[in-house]
Amino acid sequence: MSDKPVYKRYTVTSALPYANGPIHIGHLAGVYVPADIYVRFLRMNDEDVIFIGGSDEHGVPITIKALQQGVTPQDIVDRYHGIIKKSFEDFGISFDIYSRTSGKTHHETASAFFRKMFEAGQFIEKVSEQYFDEATGQFLADRYITGTCPHCGFEKAYGDQCEKCGTTLNATDLIEPKSVLSGNQPVLRETRHWFLPLDQYEPWLREWILEGHKDDWKINVYGQCKSWIDQGLQPRAVTRDLDWGVKVPVAGADGKVLYVWFDAPIGYISATRELTADWEKYWKDPETKLVHFIGKDNIVFHCIIFPVMLKAEGSYILPENVPANEFLNLEGEKISTSRNWAVWLHEYLEDFPGKQDVLRYVLTSAAPETKDNDFTWKDFQTRNNSELVAILGNFVNRTIVLTHKYFEGRVPAAAALNDSDNLMLEEMRLFPGRIASSIQSYRFREALAEMMNLARLGNRYLTENEPWKVYTSDPVRVGTVLNLSLQICAQLSIVAEPFLPFSAAKIRHTLNLGSYKWADSTRLNWLPAGHPINEPELLFEKIDDGAIEAQVEKLLNTRKANEALQAKAPVKPGKEAIGFEDFSKMDIRAGTIVEAEKVAKTDKLLKLTIDTGLDRRTVVSGIAKFFNPADIIGRQVCILVNLAPRKLKGIESQGMILMAENPDGTLFFVTPGEGAVNGADVK
RNA sequence: UGCGCUGUAGAGCAGCGGUCAGCUCGGGGGGCUCAUAAUCCUCAGGUCACAGGUUCGAAUCCUGUCAGCGCUACCA
């Protein structure tokens with residue numbers, strides 16, 4: 001960091017949460033808590049810093065959700081924007097502004113941004129054929145088209161991906177495509193779009209990222225960027241045929257909007273404009289340090305695409321760092337908004353009132369900084385009870401209580417210091433620097449642990465000096481010990497501020513202490529002798545098993561509800577009638593599985609060898625989730641033998657095992673029944 | 001399929017070529033009693049995912065394998 005330029009101010013952004021659901025602990029741990037720690041720290045250093053957030057409110061999923069619920073997209077985003085904004089405020093995420101991309105300023109800003117690039121010839125225009133729904137008179141986004149997957153025959157595949165077999169699709173690949181809007185078959189129609197030629201920026205990206213940020217970007221971020229650049233960048237469309245979003249501000253672009261990933265990051269700029277008339281210095285002055293806090297899914301957009309946009313536009317600075325975190329799981333499973341598998345911030349705030357700092361603490365100490373991590377309620381409880389309560393809360397409490405007990409709530413004078421005092425003070429002096437250095441290099445977990453070590457130092461100091469024993473013989477010595485212990489509390493109130501702002505304020509109140517800057521944290525003499533302090537109040541309280549069990553119960557209910565929902569899935573509707581000839585074309589035989597093994601690097605596939613009576617052949621079958629290879633060897637099954645061979649993961653599959661499938665996806669073998677010989681004809 | 005990140009004591013992490021592999025929580029033992037049965041000291045616990053290789057020396061570098069997660073272009 002030493003040979004880096006010195007910055008005059010900071011622009012800190014945190015990923016714009018998508019306004020189709022509330023905020024959950026994954027968002028917090030990955031993005032908002034670390035960003036908030038960072039900016040609180042900068043503010044304490046008297047840095048000129050703005051902290052930008054806002055809701056990302058465009059994009060197809062929101063229009064789909066609106067359609068499903070029979071309301072407008074604006075209704076959807078209004079609802080979630082409100083919930084999100086309020087929960088951030090209550091939680092103490094200290095945004096300077098929390099804006100939204102459906103706002104007027106944003107539409108103007110994004111529009112102007114596009115126009116400037118457009119006029120400078122920064123886009124490529126391409127005409128292509130896309131599906132158009134004649135009934136509703138609009139082009140269809142890929143997610144608005146369903147049809148039969150050409151790979152697995154699943155009938156509800158989307159235009160971009162088949163959720164059954166996972167294959168990435170083009171809408172035009174679908175067999176019998178249908179419009180989600182009208183149910184009609186859409187027609188292909190020509191449409192014009194604008195593309196950002198990322199490929200042209202490849203040399204520049206190489207220089208800027210691969211050489212310029214080799215050492216200061218996190219390894220996961222750098223690796224991901226390198227991977228993208230090395231694979232070769234392609235032009236990306238920046239417009240869509242949709243009516244929800246920022247209108248494309250170009251003649252002849254009616255019915256088109258900016259694609260959501262193009263407009264969303266511009267939202268950071270729009271929010272800054274709303275915040276201050278002086279916004280340009282935060283975005284265009286090279287002496288401003290721009291930092292994006294994001295999750296790992298957003299790396300490419302913030303490290304490649306948005307920088308290319310900024311570069312192409314020409315007048316903006318580039319991010320100095322993009323500290324992306326990995327993901328947080330919940331009780332061993334991926335957090336999922338749609339499956340309601342989450343701890344929602346607004347619910348947490350209701351269930352645990354006044355405990356913002358507990359969650360901040362747990363999420364910071366278990367932050368997924370280098371790899372995915374797991375949040376469990378048990379861990380939440382343990383960290384609260386045996387760290388926050390036992391180490392930090394207890395130290396402050398015992399110091400305050402002792403001061404009241406022996407000195408009527410006034411800071412006693414420190415007499416002559418002995419070696420142990422001086423040693424302790426020397427250690428104390430080191431903490432602020434260490435914590436600062438960790439925060440500056442985005443190691444918040446480490447910084448927090450260091451802060452806790454200061455409380456540990458305090459506990460050890462008290463225990464070693466035993467004021468409760470010494471008092472009868474040497475009250476003056478006790479005065480010294482408590483004076484120094486109180487100074488530790490004061491220092492804690494300063495260095496804990498970025499992590500635990502609510503508790504830091506509580507300590508300050510108890511100590512009857514004003515606010516201090518980070519630079520004051522090495523002073524060590526904040527409390528003069530005679531200074532009155534307030535009555536002790538507990539910083540943290542124990543969380544009992546009942547509260548934890550209630551939360552776990554809540555999750556179990558969610559899981560049950562999800563399973564019930566799955567089981568309730570309706571039986572598929574019948575297919576259209578076929579003639580006997582069609583049926584008799586199929587050659588189905590009884591056969592026996594003689595070998596079975598898992599196909600490497602797949603979840604679902606088993607490689608089976610089947611004795612069909614006619615021959616022995618290899619069949620690759622997607623049943624690994626339900627059957628172990630060892631359990632099915634020797635089992636008799638029905639097999640379609642005259643199916644054209646197909647390669648799966650490089651293995652040629654010669655036929656298909658007949659399976660019955662429940663609506664929830666559970667599979668069952670279709671068995672010929674006792675006495676059937678291999679090769680028996682099934683008809 | 002390709003690429004990226006990750007894999008270290010029961011749990012969460014640090015170390016990333018060279019003193020006995022460290023820290024926090026949990027567990028065992030002891031001390032203290034000011035404190036929310038909290039604190040303090042101490043002990044036990046690891047063939048550093050696996051297999052090869054480079055090196056005087058590897059958790060640390062290289063190759064391969066396995067596992068988790070993500071990305072692979074319209075997904076926010």
Side-chain angles (χ1 to χ4, degrees), chain A residues 15-20 56 58-62 141-143 159-161 168 170-171 193 198 218-228 230-231 233-240 259-262 264 294-301 304-305 324 326-327 329 334 337 362 365-374 376 378-379 382-383 385-391 393-406 443 445-446 448-450 452-453 455-456 458-469 471 478 481-482 485 536 538-542 600-602 649-650:
Chain A
L16 305 185
Y18 198 52
N20 70 340
D56 175 11
H58 295 139
V60 175
I62 281 169
D142 290 338
R143 282 267 147 180
D160 53 353
Q161 192 185 33
T168 306
N170 292 314
H193 282 289
L198 292 177
K218 286 175 70 166
I219 191 158
N220 56 338
V221 176
Y222 183 86
Q224 191 67 231
C225 291
K226 184 168 188 316
S227 159
W228 269 73
D230 286 347
Q231 276 173 41
L233 298 163
Q234 304 297 316
R236 276 183 84 128
V238 301
T239 54
R240 297 258 86 185
Y259 196 59
V260 62
W261 60 254
F262 187 91
I294 57 168
K296 67 174 161 183
D297 55 334
N298 258 318
I299 289 173
V300 65
F301 296 98
I304 308 251
I305 297 171
E326 302 286 303
F327 282 170
N329 293 328
K334 265 195 255 191
T337 298
V362 173
S365 41
E369 286 181 4
T370 53
K371 63 178 173 205
D372 290 357
N373 213 333
D374 198 28
T376 65
K378 185 78 197 128
D379 182 60
T382 303
R383 286 192 193 271
N385 292 358
S386 30
E387 295 182 27
L388 285 178
V389 172
I391 310 287
N394 184 43
F395 168 66
V396 173
N397 186 242
R398 64 202 293 216
T399 304
I400 304 296
V401 167
L402 285 169
T403 304
H404 278 280
K405 180 166 178 177
Y406 296 132
R443 293 197 300 262
R445 226 168 30 194
E446 182 180 278
L448 181 69
E450 206 52 60
M452 289 300 283
N453 281 339
R456 289 190 178 92
N459 275 320
R460 201 179 333 132
Y461 179 72
L462 267 187
T463 303
E464 279 169 4
N465 288 285
E466 302 177 303
W468 48 89
K469 249 189 194 170
Y471 187 73
V478 171
V481 170
L482 282 183
S485 297
L538 295 182
L539 282 183
F540 307 98
E541 53 195 26
K542 290 219 163 188
K601 291 194 171 186
T602 67
K649 296 280 167 193

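Letters go in sequence order (proteins before strands), and every chain restarts at 1.
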> Hey, is the side chain of A:R460 poking within less than 4.0 Å of OP1 or OP2 on B:C41, counting only N and O atoms?
yes
> Now, which nucleotide makes the Watson-Crick or G-U wobble pair with B:C32, with each of the two distances under 3.5 Å?
none
> Does A:D372 use its side chain to pair, donor to acceptor, with the backbone of A:N329 at less than 3.5 Å?
no
> Which part of the nucleic acid does A:G59 contact within heavy-atom distance under 4.0 Å: base, sugar-phosphate only, or nothing?
nothing
> Base, sugar-phosphate, or nothing for A:N394, non-hydrogen atoms under 4.0 angstrom?
base
> With a 4.0 Å cutoff (strictly under), does any side-chain N or O of A:R445 reach OP1 or OP2 of B:A14?
yes
> Please give, in whole Å, the distance from B:U36 C1' to A:I400 CD1?
15 Å
> Is the shortest side-chain N/O distance from A:K542 to OP1 or OP2 of B:A37 below 4.0 Å?
no
> Select base, sugar-phosphate, or nothing to describe what A:F327 touches, counting heavy atoms under 4.0 Å on all strands.
sugar-phosphate
> Please give the nucleotide sitting opposite B:G12 as a Watson-Crick or G-U wobble pair, both distances under 3.5 Å, or none.
B:C23
> Hey, is the side chain of A:K334 poking within less than 4.0 Å of OP1 or OP2 on B:G68, counting only N and O atoms?
no
> Report yes if a side-chain nitrogen or oxygen of A:R398 is closer than 4.0 Å to either non-bridging phosphate oxygen (OP1 or OP2) of B:C32; otherwise report no.
no
> How many Å lie between CG on A:N453 and C1' on B:A14, as a whole number?
13 Å
> Return the nucleotide paired to B:U47: Watson-Crick means purine N1 to pyrimidine N3 with N6-O4 or O6-N4, wobble means G-U with N1-O2 and O6-N3, both under 3.5 Å.
none
> A:E326 CD to B:C69 C1': how many Å, rounded?
7 Å
> Report the base-pairing partner of B:U1 (Watson-Crick or G-U wobble, both distances below 3.5 angstrom), or none.
none
> Give one of base, sugar-phosphate or nothing for A:L402, where a contact means two heavy atoms less than 4.0 Å apart.
base
> I need the single residue from A:E369, A:K371, A:E326 that forms a side-chain hydrogen bond (donor to acceptor under 3.5 Å, both in side chains) with A:N220. Which is it?
A:E326
> To the nearest Å, how far apart are A:N373 CG and B:C13 C1'?
9 Å
> Given that both distances must come in under 3.5 Å, which nucleotide forms a Watson-Crick or G-U wobble pair with B:A37?
none
> With a cut-off of less than 4.0 Å, is there a side-chain N or O of A:K371 near OP1 or OP2 of B:U8?
yes
> At less than 4.0 Å, is any side-chain N or O atom of A:T399 found next to OP1 or OP2 of B:C34? Yes or no.
no
> May I have the distance from A:L233 (atom CG) to B:C71 (atom P), rounded to whole angstrom?
18 Å
> Quick one: is the NZ or CZ of A:K334 closer than 6.0 Å to the six-membered ring centre of A:F327, and within 45° of its axis?
no
> Answer yes or no: does a side-chain N or O of A:T403 lie under 4.0 Å from OP1 or OP2 of B:C34?
no
> Across the strands shown, which category fits A:V401 at heavy-atom distances under 4.0 angstrom: base, sugar-phosphate, nothing?
sugar-phosphate
> Hey, are the side chains of A:R240 and A:V60 touching, using non-hydrogen atoms and a 4.5 Å cut-off?
no
> Taking only the side-chain heavy atoms of A:E387 (C-beta and beyond), determine which of B:U24, B:C74, B:C69 contains the nearest atom.
B:U24
> Go through the steps to decide whether A:R456 and A:N453 satisfy the test side-chain hydrogen bond (donor to acceptor under 3.5 Å, both in side chains), and finish with yes or no.
CA-CA 5 Å; A:R456 289 190 178 92; A:N453 281 339; 3.0 Å; yes
> By the 4.0 Å heavy-atom rule, please label A:K469 as base, sugar-phosphate, or nothing.
sugar-phosphate
